[in-house]
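The structure appears right after this line, and notes come after that.
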Amino acid sequence: MFEVTGDIVALLMLAAFVAGVVDSIAGGGGLITLPVLVLAGAPPVTAIATNKVQGVFGAGMAAIAYARGGHVDLRKQIKPALIAFVAAIAGALLTSYLPTDVIRLGLPVLLIGIALFFALKPGLNDVDRAQRLAPGLFALTIVPLVAFYDGLIGPGAGAFYMLGFVALGGYGVLRATAHTKLLNFASNLGGIATYALVAQPWWAVGLAMGAAQVAGAWVGSKLAMRVGSRLIKPVLVTAATALAVRLLWQIWA
């Protein structure tokens with residue numbers, strides 16, 4: 001492994017803490033941690049693998065916090081989480097075979113669309129609405145689709161889960177946020193299971209960042225439960241827009 005000094009580990013942990021706060025509120029924490037890992041000297045595949053290692057801790061902590069707050073029943077999400085786990089493995093295994101560059105070209109457009117949806121659609125709050133897709137059908141369609149993408153590429157998966165829960169599941173913004181976290185945890189875990197075989201994650205760095213992610217996710221989830229959609233919506237819009245801009249910069253640079 002490339003030698004990482006204590007100062008760099010401290011900076012990576014700080015980035016992971018901030019990412020944990022952002023990700024537990026609206027998703028998009030990888031926007032912070034993935035570039036920082038690359039700047040620290042991790043090769044791209046190693047950075048992606050290490051990012052999965054640290055990200056799983058934040059998603060897990062957020063899932064537990066929202067469950068304790070009464071916003072999600074994790075037991076009812078076990079089957080969808082298993083689907084997400086398997087779909088993420090499939091996505092990660094097919095990374096070298098699918099046209100990920102083409103997907104990256106369309107991703108900024110989708111993220112900007114998500115940002116506009118949450119910024120401009122009236123009446124988006126913490127109140128549940130009419131359900132457009134039954135939970136079972138949602139678990140068999142939207143969940144594996146997003147999880148497959150999470151294993152394949154990753155950035156923005158939380159926002160896609162959120163959009164599905166709000167637009168199709170009929171969930172209020174806070175409840176939708178709570179329901180994304182176990183699925184994020186499962187798809188991250190599926191990514192780890194695959195990348196651990198085909199890549200070389202920085203396990204020690206990933207675990208250190210994971211500890212910081214746990215603290216950040218606890219803080220972020222508490223803030224989200226206290227303030228609700230008034231906090232989640234602007235953070236989600238900002239994170240989705242920033243990720244779209246970053247991806248466009250990568251394409252044009």
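These values consider heavy atoms only, across backbone and side chains, with no hydrogens, waters or symmetry-generated copies.
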Q) Does Phe17 have any ring pair (Phe, Tyr, Trp, His ring centres under 6.0 Å) partners at least two apart in sequence or in another chain, and if so, which? A) none
Q. Could you go step by step and tell me if Gln77 and Asp73 meet the side-chain contact (heavy atoms from CB on, under 4.5 Å) rule?
A. CA-CA 7 Å; Gln77 280 200 300; Asp73 185 346; over 6 Å; no
Q: Using side-chain hydrogen bond (donor to acceptor under 3.5 Å, both in side chains) as the criterion, list what pairs up with Arg129, not counting sequence neighbours.
A: Asn125
Q | Residue pair Trp202 / Val53, side-chain heavy-atom distance below 4.5 Å | A | no
Q) Below 4.5 Å, heavy atoms only, C-beta onward: do Tyr195 and Thr50 meet side chain to side chain? A) no
Q | Note, Val72 side chain near Leu182 side chain (heavy atom, < 4.5 Å) | A | no
Q. Should the pair Arg175-Asp126 be classified as a salt bridge under the 4.0 Å nitrogen-to-oxygen rule?
A. no
**Q.** Joint cluster assignment, Trp218 & Val214, ILVMFWY side-chain distance < 4.5 Å
**A.** yes
Q: Quick one: pull up CG in Leu94 and CD1 in Ile89 and give me the separation to the nearest 0.5 Å.
A: 11.5 Å
Q.
Applying ring pair (Phe, Tyr, Trp, His ring centres under 6.0 Å), can you list everything that pairs with Phe118, at least two apart in sequence or on another chain?
A. none
Q) So how far is it from Phe165 CZ to Ile142 CD1, rounded to the nearest 0.5 Å? A) 10.0 Å
Q. Is Leu12 close to Leu37 at the side-chain level, that is, under 4.5 Å between some pair of heavy atoms?
A. yes
Q. CE/Met225 to CG/Leu231 distance, rounded to the nearest 0.5 angstrom?
A. 11.5 Å
Q) If you link I, L, V, M, F, W and Y whenever their side-chain heavy atoms are under 4.5 Å apart, who else ends up in the same group as Ile112? A) Leu116, Leu120
**Q.** Within one Ile-Leu-Val-Met-Phe-Trp-Tyr cluster: Ile64 and Ile78, side-chain cutoff 4.5 Å
**A.** no
Q. Going by heavy atoms in the side chains, are Arg230 and Val227 under 4.5 Å from each other?
A. yes
Q | Evaluation steps, side-chain contact (heavy atoms from CB on, under 4.5 Å), between Leu174 and Tyr66 | A | CA-CA 9 Å; Leu174 177 58; Tyr66 284 117; 4.0 Å; yes
Q. For Gln54, which residues count as a side-chain hydrogen bond (donor to acceptor under 3.5 Å, both in side chains) partner, sequence neighbours excluded?
A. Thr33, Asn51, Gln213
Q: State whether the side chain of Ser24 and the backbone N or O of Val21 hold a donor-acceptor pair below 3.5 Å, judged by distance alone.
A: yes
(Q) For Ala42, is there any backbone N or O sitting under 3.5 Å from a side-chain donor or acceptor partner on Thr46? (A) no
**Q.** Gap separating the OG1 atom of Thr141 from the CG atom of Leu168, nearest 0.5 angstrom
**A.** 7.5 Å
Q.
Which heavy atom of Ser221 sits nearest to which heavy atom of Ala65, and what is that distance?
A. OG-CB, 3.2 Å
Q | Atom pair CG/CG of Leu145 and Leu140 - distance to nearest 0.5 Å | A | 12.5 Å
Q | Phe85-Phe138 co-clustered via ILVMFWY side chain contacts under 4.5 Å | A | yes
Q) Looking at CG of Leu223 and CD1 of Ile232, how far apart are the two atoms once the value is rounded to the nearest 0.5 Å? A) 10.5 Å
(Q) Are Met162 and Val127 connected into the same hydrophobic cluster when the rule is that any two of I, L, V, M, F, W, Y join if their side-chain heavy atoms are below 4.5 Å apart? (A) no
(Q) So, using side-chain hydrogen bond (donor to acceptor under 3.5 Å, both in side chains) as the criterion, who are the partners of Asp150 when residues are at least two apart? (A) Lys52, Ser187
**Q.** Connected via hydrophobic side-chain network under 4.5 Å: Val86 and Phe160
**A.** yes
(Q) Can you tell me if Gln131 has over 12 outside heavy atoms packed within less than 6.0 Å of its CD? (A) yes
Q: Verify the ring-centre separation between Phe185 and Phe57: is it less than 6.0 angstrom?
A: no
